[in-house]
Novice: 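Have a look at this one before I ask anything.
For the single chain, residues carry numbers from 1 onward in sequence order.
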Amino acid sequence: MLARLSAQAIRQTPRTVSQATRAISVQSLLHGSPEAKQEGDVQVQQHSRLVARGKYVHGLEVHKVKPDAVKEYKKAAEAYYTAIKDDPELHVKLTGSWESVVGQQDVFFHILEYENYSGYDMTTQKIRSSEHINTYNKLIPYLASRSQQLCQEFAFFPTTPPRSEGGIFELRTYQLHPGTLLQWEHAWRKGIEARRKFVAPVGAWFSQVGRLHQVHHLWQYPDLQTRKDTREKAWALDGWSETVSKTAEYSALMDATILEPLPFSPLK
């Protein structure tokens, strides 16, 4: 057996060796093998360039509010987010603000759109040196915890502009296995066409700062029954079942949270 393997290795042409080397490189990039880990962060950055729209950076701010302070928090949140949204000096837009109604309770989500990282840097610096920081600080007493991620859009899944259609939103969050982002994008690029026949996606982002290897999808439905019917119809279309199968393969954890938009949310 060893002799046959040695003979085969000797008979390999330069082209065969080159193909094998490229195959190892691709496998390393996609599957997070030891070879990929030795190559450092370069491949991760390449993945982001391949799948990202690249024009904007989105900040996902999550506030866990004290149960007895929800009413006060909503007032303070509206004062802060509408103020920064309407300030022409800031390089930021408010995509939307929502309250969780199914999932973790007393949790609020705010998605902000910055003009890339330079816009994020400029905006945060101006907020810290303006009256906006005082408005933001009025939120703090009502919070039990808070977190933030900086994300980028998938190129095939740009964020919907402001609209008012009513109903509910669903935020689906996937914790991917490291090294599978490119495969994820490929599977969803094909599968999303099946879903578009019934419901247009609101947006999709992958994390760049904060909890890494996370993907967020946002959908909008008139109600939960329509959500159920829409998802069932998608199974009858070619490509969707494969996308769902790949989603399970690439994900370590999944969450589905039902949201209701706050009155001042541009997306509602």
Novice: Measure the NZ-CG distance between Lys190 and Asp238 for me, rounded to the nearest 0.5 Å.
Specialist: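 The CG atom of Asp238 is 11.5 Å from NZ of Lys190, to the nearest 0.5 Å.
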
Novice: With heavy-atom distances below 4.5 Å as the criterion, would you say the side chains of Trp235 and Val244 are in contact?
Specialist: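 Yes, at least one pair of side-chain atoms sits under 4.5 Å.
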
Novice: Check Glu249 with Lys246, please: is the shortest side-chain N to carboxylate O separation under 4.0 Å?
Specialist: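 Yes.
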
Novice: Taking the ring centre of each residue, are His217 and Trp205 less than 6.0 Å apart?
Specialist: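 No, the ring of His217 stays outside the 6.0 Å limit from the ring of Trp205, centre to centre.
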
Novice: Can you name the nearest heavy-atom pair linking Leu259 to Ser100, along with the distance?
Specialist: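 Shortest heavy-atom separation between Leu259 and Ser100 comes out as CD2-CA, 3.7 Å.
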
Novice: For His63, which residues count as a ring-ring contact (aromatic ring centres under 6.0 Å, His included) partner, sequence neighbours excluded?
Specialist: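 For His63, the residues satisfying ring-ring contact (aromatic ring centres under 6.0 Å, His included) (neighbours in sequence not counted) are Tyr73, His110.
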
Novice: Under 3.5 Å, is there a donor on one side chain and an acceptor on the other for Ser118 and Asp121?
Specialist: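 Their side chains do not contain a donor-acceptor pair, so the 3.5 Å distance test is not met.
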
Novice: Counting neighbours of NZ on Lys126 that are heavy atoms of other residues, nucleotides or ligands and sit closer than 6.0 Å, is the number greater than 12?
Specialist: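 Yes, because the 6.0 Å sphere around NZ of Lys126 holds more than 12 heavy atoms from other groups.
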
Novice: Heavy-atom count check: over 12 atoms from other residues, nucleotides or ligands less than 6.0 Å from Asp86 CG?
Specialist: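 It does: Asp86 CG has more than 12 such atoms within range.
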
Novice: Is there a donor-acceptor pair under 3.5 Å between the side chain of Lys138 and the backbone N or O of Ala79?
Specialist: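 Side chain of Lys138 to backbone of Ala79, a donor-acceptor pair under 3.5 Å: no, none is there.
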
Novice: Checking the side chain of Thr123 only, and the main-chain atoms of Gly119 only, is there a donor and an acceptor separated by less than 3.5 Å?
Specialist: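 Yes; at least one donor-acceptor contact below 3.5 Å.
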
Novice: Looking only at heavy atoms, which two atoms of Thr226 and Pro222 are closest? And how far apart?
Specialist: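 It is CG2-CD, 3.6 Å.
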
Novice: Check whether any side-chain heavy atom of Val62 sits under 4.5 Å from a side-chain heavy atom of Phe108, and report yes or no.
Specialist: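 Not touching, per the 4.5 Å side-chain cut-off.
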
Novice: Measure the shortest side-chain to side-chain distance between Val102 and Thr257 over non-hydrogen atoms and say whether it is less than 4.5 angstrom.
Specialist: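 No - every pair of side-chain heavy atoms lies 4.5 Å or more apart.
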
Novice: Let me check something: do Leu262 and Ile258 share a hydrophobic cluster, defined by ILVMFWY side-chain heavy atoms less than 4.5 Å apart, either directly or through other members?
Specialist: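 No, it is not one cluster - the side chains of Leu262 and Ile258 are not joined through contacts under 4.5 Å.
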
Novice: State yes or no: do Ile111 and Val202 share one hydrophobic cluster built from I, L, V, M, F, W and Y residues joined by side-chain heavy-atom distances below 4.5 Å, directly or via other members?
Specialist: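 Same cluster.
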
Novice: Can you see whether Trp219 has Arg231 sitting over its ring - NZ or CZ less than 6.0 Å from the centre and within 45° of the normal?
Specialist: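 Cation-pi check for Arg231 and Trp219: fails.
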
Novice: Inspect the contact between Glu153 and Lys55 and indicate whether a charged nitrogen and a carboxylate oxygen are less than 4.0 angstrom apart.
Specialist: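 Not counted as a salt bridge, because no side-chain N and carboxylate O are separated by less than 4.0 Å.
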
Novice: Any chance you could measure Thr135, atom OG1, to Glu78, atom CD, to the nearest 0.5 Å?
Specialist: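 So the gap between those two atoms works out to 12.5 Å.
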
Novice: Same cluster for Leu267 and Val199 if Ile/Leu/Val/Met/Phe/Trp/Tyr side chains link at under 4.5 Å?
Specialist: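 Shared cluster, no.
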
Novice: Go through the steps to decide whether Ile127 and Ile84 satisfy the test side chain to side chain contact (heavy atoms under 4.5 Å, CB included), and finish with yes or no.
Specialist: CA-CA 8 Å; Ile127 287 175; Ile84 64 171; 4.2 Å; yes

Novice: Check the pair Glu115 / Met122 against side chain to side chain contact (heavy atoms under 4.5 Å, CB included), numbers first and verdict last.
Specialist: CA-CA 9 Å; Glu115 297 173 9; Met122 190 179 302; over 6 Å; no

Novice: Side-chain contact, heavy-atom cut-off 4.5 Å: Leu94 with Glu113?
Specialist: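 A side-chain contact is absent here, since even the closest heavy-atom pair is not under 4.5 Å.
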
Novice: Atom NE2 of residue position His91 - does it have more than 12 heavy atoms of other residues, nucleotides or ligands inside 6.0 Å?
Specialist: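 Buried by this count: over 12 neighbours within 6.0 Å.
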
Novice: What pair of heavy atoms forms the shortest contact from Tyr221 to Arg195, and how long is it?
Specialist: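 So the two residues come closest at OH-NH2, 2.7 Å.
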
Novice: Parallel, tilted or perpendicular for Phe206 and Phe154, by the 30°/60° rule?
Specialist: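 If you compare the ring of Phe206 with that of Phe154, the planes turn out tilted.
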
Novice: Among Phe156, Trp240, Phe157, which one satisfies ring pair (Phe, Tyr, Trp, His ring centres under 6.0 Å) with Trp188?
Specialist: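 For Trp188, the ring pair (Phe, Tyr, Trp, His ring centres under 6.0 Å) test succeeds with only one of Phe156, Trp240, Phe157, which is Trp240.
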
Novice: Could you report the tightest heavy-atom contact between Gln149 and Gly210, atom names first, then the distance?
Specialist: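 In terms of heavy atoms, the two residues are closest at CG-CA, 4.4 Å.
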
Novice: Are more than 12 heavy atoms, taken from residues, nucleotides or ligands other than Lys93, located less than 6.0 Å from that residue's NZ atom?
Specialist: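 12 or below, so no.
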
Novice: Measure the CD-OG distance between Glu99 and Ser265 for me, rounded to the nearest 0.5 Å.
Specialist: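 That separation rounds to 12.5 Å.
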
Novice: Got His58 and Gln152 here, is their nearest side-chain heavy-atom distance under 4.5 Å?
Specialist: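 Of all side-chain heavy-atom pairs linking Gln152 with His58, none is under 4.5 Å.
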
Novice: Write down the atom of Tyr114, the atom of Gly59, and the distance for their closest heavy-atom approach.
Specialist: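 That closest heavy-atom pairing would be CE1-N, 4.0 Å.
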
Novice: For the atom pair NZ (Lys85) and OG (Ser97), what is the distance rounded to the nearest 0.5 Å?
Specialist: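 Result: 9.5 Å between the selected atoms.
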
Novice: How about Leu150 and Ser207: do any of their side-chain heavy atoms sit closer than 4.5 Å?
Specialist: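 SC-SC contact between Leu150 and Ser207 ruled out.
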
Novice: With a 4.5 Å cut-off on side-chain heavy-atom distances among I, L, V, M, F, W and Y, is there a chain of contacts connecting Ile192 to Met254?
Specialist: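 Yes; Met254 is reachable from Ile192 via cluster members.
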
Novice: Going from NZ on Lys228 to NZ on Lys233, what distance comes out if it is rounded to the nearest 0.5 angstrom?
Specialist: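 NZ of Lys233 is found 11.0 Å from NZ of Lys228.
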
Novice: Under a 4.0 Å N-O cut-off, is there an ion pair linking Arg196 with Glu193?
Specialist: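 Counted as a salt bridge, because a side-chain N and a carboxylate O are separated by less than 4.0 Å.
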
Novice: For residues 165-177, which side-chain N or O atoms pair as donor and acceptor with protein atoms under 3.5 Å away, sequence neighbours left out?
Specialist:
| residue | atom | partner | partner atom | Å |
| --- | --- | --- | --- | --- |
| Glu170 | OE1 | Arg227 | NE | 2.9 |
| Glu170 | OE2 | Arg172 | NH1 | 2.7 |
| Glu170 | OE2 | Arg227 | NE | 3.3 |
| Glu170 | OE2 | Arg227 | NH2 | 2.9 |
| Arg172 | NE | Tyr174 | OH | 2.8 |
| Thr173 | OG1 | His216 | ND1 | 3.0 |
| Gln175 | OE1 | Gln214 | NE2 | 3.1 |
| Gln175 | NE2 | Leu212 | O | 2.9 |
| Gln175 | NE2 | His213 | O | 3.4 |
| His177 | NE2 | Ser251 | O | 3.4 |

Novice: With distance as the sole test, does Asn137 use its side chain to make a donor-acceptor pair with the main-chain N or O of Ile133 at under 3.5 Å?
Specialist: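 Between the backbone of Ile133 and the side chain of Asn137 there is a qualifying donor-acceptor contact (under 3.5 Å).
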
Novice: Nearest 0.5 angstrom please: Thr124 OG1 to Arg128 CZ, how far?
Specialist: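 Answer rounded to 0.5 Å: 4.5 Å.
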
Novice: Check whether any side-chain heavy atom of Ile140 lies under 4.5 Å from a side-chain heavy atom of Arg146, and answer yes or no.
Specialist: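 Yes, at least one pair of side-chain atoms sits under 4.5 Å.
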
Novice: Any chance you could lay out the side chain to side chain contact (heavy atoms under 4.5 Å, CB included) test for Gln220 and Arg163, step after step, and finish with the verdict?
Specialist: CA-CA 11 Å; Gln220 185 174 13; Arg163 68 186 188 189; 2.7 Å; yes

Novice: Quick one, Tyr56 and Thr159 - any side-chain contact, counting heavy atoms below 4.5 Å?
Specialist: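 Result no, sub-4.5 Å side-chain heavy-atom pair not found.
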
Novice: Determine, step by step, whether Glu260 and Lys268 satisfy the salt bridge (charged side-chain N to carboxylate O under 4.0 Å, His left out) criterion, reporting the C-alpha distance in whole Å, the side-chain angles of both residues, the deciding distance to 0.1 Å, and the verdict.
Specialist: CA-CA 8 Å; Glu260 288 184 353; Lys268 55 187 173 186; over 6 Å; no

Novice: Are Tyr142 and Tyr136 connected, step by step, through hydrophobic side chains (Ile, Leu, Val, Met, Phe, Trp, Tyr) whose heavy atoms are closer than 4.5 Å?
Specialist: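 Yes, same cluster.
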
